[in-house]
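All values reported here derive from a predicted model rather than from experimental measurement. When a residue number appears, it is its place in the shown sequence, counting from 1. In each ligand, atom 1 is the first atom listed, and ligand 1 is the first ligand listed.
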Amino acid sequence: MAGITARKVTVQVPAKLNLCLDVVGEDGKGYHLLDGGMLAVDLYDTLTLCLEEGEGIEIDCNRPGVPLDESNLAARAARAFFQGSGAELSQKLRIHIKKQIPAQAGMAGGSADAAAVLVGLNHLRGMGLTLPRLMELGLGIGSDVPFCLLGGCARAQGRGERLETLPLPQGVLVIAKPVGGTDTRGAFALYDRRREQLRRPDVEAMVSALRQQDGAGVGRAMANVFEQVCAPDAVHALVKVMGEQGALGASMTGTGTAVASLFPDESAAQRCLQLLKQKVLPLEYLGLHRPVEGGATMLEAAPPSP
Ligand code: C5P
């Protein structure tokens, strides 16, 4: 039965990487159909949701520059949850976002927060919506939201809603984001202009390498069609440096601009990290990460006041 089951919940949600990304068609409604492998990594946004006296949605965030109005995907997720679940927002919903996922990186920062809000509200309001229903609501907010709810490793098809779980790859990732981002809509428009000339990532090879736990195979299949379309020079330079440092593979994630590289073990990844720390290129983000199971997950819930 629906009802307020807690007054405050905290939800943690991992960043997403595209290990492999191709565009395979269009849905006739203004979106492109994708195919590829997605991976959750241990870099998290943490959201605290709180119901208080008052009305409306109030967002605050530890990182300056994040929009705090209704354009924030966290606010849009809250609206979609109340509309889609039939629950009523009769109090003020306060959302605090502790951001660690870099912005404009292709790591689903906004979608991750939307997924966390859906999970948090589902608990806070005791609605008991199933994961498939939350994913359905999530897809209306952003293409990466269903994966951010599921997490782990998955082949993602359609707009990102057809998800098939795969085993996590072995190894350690170095993630680096050069200065500046790309515009997602613009990236798809550029793709449309150049689609005939592009080399295609081998998604089937990625899926079978993941299934067989073949790290070298996963590395070889790391590729993103958008790298040929909209990647700035710094992305190509990072892919090259990571390869020279012994990465099994390296590619841009999403429409950019973060680059992820897979190493067989921590010491190899550390060597690459240390080199990149020496300011080979100006970076907005640099970190060493591991694959993780699970998506947006409840951390704690404070009971309702008596
Ligand atoms: O997901 P988001 O709303 O950020 O996407 C921005 C724009 O990118 C969309 O309006 C659409 O033009 C394009 N897009 C697309 N196919 C996708 C995702 C985004 O064409 N799967």
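- Of the charged side-chain nitrogens involved, none lies within less than 4.0 Å of a carboxylate oxygen, so that Arg290 and Asp42 do not count as a salt-bridged pair.
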Just do the side-chain contact (heavy atoms from CB on, under 4.5 Å) check on Asp202 and Asp22 with the steps written out, would you? CA-CA 8 Å; Asp202 191 342; Asp22 197 8; over 6 Å; no
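- Taking distance alone, with nitrogen or oxygen atoms compared against 3.5 Å, Arg159 stays at or beyond that limit from ligand 1.
- Contact annotation for atom 2 (P) of ligand 1: protein absent (non-hydrogen atoms, distance under 4.0 Å).
- Ranked by closest heavy atom to atom 6 (C) of ligand 1, the top entry among Thr184, Ile141, Asp192 is Thr184.
- Of all the atoms in ligand 1, the ones that sit under 4.0 Å from a non-hydrogen atom of Gly30 are 11 (C), 12 (O), 20 (O).
- Ligand 1 places these atoms under 4.0 Å from at least one heavy atom of Tyr31: 9 (C), 14 (N), 15 (C), 16 (N), 17 (C), 18 (C), 19 (C), 20 (O), 21 (N).
- Listed by atom number, the atoms of ligand 1 under 4.0 Å from Arg185 heavy atoms are 7 (C), 8 (O), 10 (O), 12 (O).
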Passes side-chain contact (heavy atoms from CB on, under 4.5 Å), Gln12 versus Leu47? Steps please. CA-CA 6 Å; Gln12 179 177 271; Leu47 283 81; over 6 Å; no
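- A salt bridge does not link Lys8 with Glu300: every distance from a Lys NZ or Arg NE/NH1/NH2 to an Asp or Glu carboxylate oxygen is 4.0 Å or more.
- Ion pairing of Lys98 with Asp45 is absent here, as no side-chain N (NZ or NE/NH1/NH2) approaches a carboxylate O to less than 4.0 Å.
- When each of Leu299, Val11, Val292, Thr297 is paired with Tyr44, the side-chain contact (heavy atoms from CB on, under 4.5 Å) condition holds for Val292 and for no other.
- Remark: minimum distance from atom 20 (O) of ligand 1 to any protein heavy atom is reached at His32 ND1, 2.6 Å.
- Atom 19 (C) of ligand 1 has Phe188 CE1, 3.4 Å as its closest protein atom, hydrogens excluded (heavy atom only).
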